[in-house]
Every structure is written in structure tokens, then in C-alpha cells.
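Order of listing sets the numbers, starting from 1, for every ligand and every atom in it.
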Amino acid sequence: MTRPIRARIDLQALRHNFHLAREAAAGARVMAVIKANAYGHGAVPVARALPQADAFALASVEEAVQLREAGIDTPLVVLAGVFAADELEPAGRHDLQLVVHSEQQVQWLERSAATGPLRLWLKVDTGMHRLGIEARQLHDLRRRLAALIAARGGQLRLMSHLACADTPRHPANDSQLAAFLTLDAAGQERSLANSAALISRADMRFDWVRPGIMLYGASPFEPEVDIRHDLRPVMTLETRLMAVRSLRKGDKLGYGHSWTCPVDMPVGVAAVGYGDGYPRHAPTGTPVLVNGKVAPLIGRVSMDMLCVDLRGQPETLPGAVVQLWGRCLPIDALANRAGTLSYELLCNVNPRVAREYVNGED
Ligand SMILES: *Cc1c(COP(=O)(O)O)cnc(C)c1O
């Protein structure tokens, strides 16, 4: 047998979550965000499972070209736009829609010898202060882009991104919305909402919504936010016990000897570690499921292994199925304990972990 760790991806759960996004969008078009290899789920299989998406959003031209080369012909939006002028040629050849967030990107477009339609998203900073042109540049840059589009064909749309949507009560949400509404839209299609805003704010849908994390079934909100949703986890991270040990009272376990057995006890060693993407900072006591029952993590997580307390199920044998997160063990609870986010845990699932796709057909 090979090393038994697997990430099982439930495509039916993915379609269910997309359907919820579609319903919440209430007629707005849905740009499914599948950057970073679809948050670790595999961009190509995820795109193939969502043919109803109105567009897909990627982080870079490179990511988008991979989808085109896999035969995906849905509209593709590059959220960062181009990083250098030489990306304009492949972007045009593969019919990619580019976000434009700076005057430099406008200059690259103006100096480009490329022909063919330009489908662009002008990104305005409404208060996140990360990427985006300033509101006072909008008139000038839009005029310059409109001139290019008049010559080459295409379309210009307007977008912005929210800093605090994961905390619906945060006042920055209202001030960013107000700033977005103040912009002269000039009849262009607009987009503002990520997953959190799509679920919590009917007034932020505009023409296009951009759900990411909700498609994968994790909560887009801070842990203390109590907003009901019916999202289903898409990924289950699963492995097996590679050994079961009988340790004696006082035995010290693993790196740093950070855990000491309080009594004689059985300990399971699971074939998963931070080298697979399990968070190294998950503390002793973090729930892990062995044969469907909670067996708490003990000691430090190592690169390829972690240990669990089997006192609750002393008959357990090597080979028992171990679940790290998934349907019965919410990834958000683990992320919270380990001081991180479901986004990071999902993106960090290492390429060495085989993805297994199930429920591909309705
Ligand atoms: C990643 C991203 C999204 C999706 O955000 P979620 O919180 O995962 O829904 C939307 N818009 C932009 C610009 C992004 O970079």
C-alpha cells in the first residue's frame, strides 16, 4: 500500500454550494473564483463541474491559460491583471478578461501592438487600500480605456473589493459601499461582493458577484458571526493509522517531548502532517476522527505524522480510517483552533496529496 492520505472532493457538494450562490445572487451573474488551484480543490475539475458559471476568476494569466489549455471555454477573469506588458499577448490570444488596477497597466495597454477585443475590469479602491485606482483617477483612466475599446472592440466594467466583509457589522462595509455607489458608473456593469457579502448583504450584488470560499463549503465569516447557511464541505482530508502503540504512564511523545502520557494508554500514529498541509500549530486536544469517533490530537504535529489519543477506543488497529476535516469535522473549527483560516488550510493541501473526485455526475 502507498501512503494513504487523500483529499476527497465531493463535486455534488460543490454544485450544491454553487446553486446557493446562484440563488443568493438573485439574478446577478456569478463569477466563480477558482484561483490558487480552486482553493486547493483542483481548478480544472472544479471548472468542469460548474459549466453553469457565468465566468471564472483566476489570480494570474498563467492560471487562466492552464484552464484554456484544458479546454475550458467559459469567460475567464484575471483578478490581478497582467504583471508585465508581455503578458498582454497571451491574455489576448486566450481571450482573457483583465482587471486593470493601476495607471501603469493602462499604459501597457496603450503601448501594446495587440489587436482584438479588450474585455477589462477597472478596479477602484473604495477603502481596502490594497489594489485599485483611486476614485479621482476614474474619469481619466476610463476615458483612455474607452478610447482603446472604441478602436479594438470589447467591454469595460467596474469593480472593487471589500476589506471587512467577513465581519458583517464592521462599519467599513457601509463606507465602502457608499464609496462604490458614489462612483460614476457610466452605465457599466459593476461587481463588489465576495462570498461573505453575497450571503450577508442584498445591497452589494450589483451585476456580478464573485463567490470563492463558499463554493468550497467553508464559512466566509469570522467565527463569532452567527449567520445561518446551508453550505456543504467539498473536501474531506483523510488518511489511516500507520501504527498503534501501547505507551506507559510517564512516556514522553514526539518532537520536543511536548506531551507526557498521564496513564498507560494506546496512541495512534496517523499518516498526515504539516508536509501535507495539516496545520503544525494545531494544539493538543484538537479533534481528529478515527473510525468516525473523536480521538484528540496529542503532542506536536510532525511533517508526515501526527499522534492521537486512543483511550476512547482502545481496540483500534493500524489501518483505521482517520479524518482530519470534512463533512463530520468542520474545517472552520480546526482553522480557529490552529489560529488560521479555512482559506489557508485548503490552499495549503500539498500537491503530494492525491485528489479523489466523487459524485461527478448528477
Ligand atoms: C479571492 C477573491 C474573491 C473571493 O473571495 P471569497 O472570500 O473567497 O469569496 C473575490 N474577489 C476578489 C477580487 C478576490 O481576490
Residues forming a ring pair (Phe, Tyr, Trp, His ring centres under 6.0 Å) with F56, sequence neighbours excluded: none
With a cut-off of 3.5 Å and sequence neighbours excluded, list every side-chain donor-acceptor pair involving residues 226-234.
unit_1	atom_1	unit_2	atom_2	d
H229	ND1	L231	N	3.4
R232	NH2	H16	ND1	3.4

Could you go through residues 73-89 and list every donor-acceptor pair under 3.5 Å that involves a side-chain atom there, pairing it with any protein atom two or more places apart or in another chain?
unit_1	atom_1	unit_2	atom_2	d
E87	OE1	F83	N	2.7
E89	OE1	R93	NH2	3.2
E89	OE2	R93	NE	2.8

Q176 side-chain N/O to A163 backbone N/O, donor-acceptor pair under 3.5 Å: yes
Flag, side chain of N17 to backbone of L215, donor-acceptor distance under 3.5 Å: yes
Can you give me a line-by-line list of nitrogen or oxygen pairs between ligand 1 and the protein shorter than 3.5 Å?
unit_1	atom_1	unit_2	atom_2	d
ligand 1	7 (O)	Y343	OH	2.7
ligand 1	8 (O)	Y39	OH	2.6
ligand 1	8 (O)	I213	N	2.8
ligand 1	9 (O)	S195	N	2.8
ligand 1	9 (O)	S195	OG	2.5
ligand 1	9 (O)	G212	N	2.9
ligand 1	11 (N)	R210	NE	2.9
ligand 1	11 (N)	R210	NH2	3.4
ligand 1	15 (O)	K35	NZ	2.6

Verdict with supporting geometry, R201 and D174, salt bridge (Lys or Arg N to Asp or Glu O under 4.0 Å): CA-CA 10 Å; R201 303 279 304 229; D174 286 330; 2.7 Å; yes
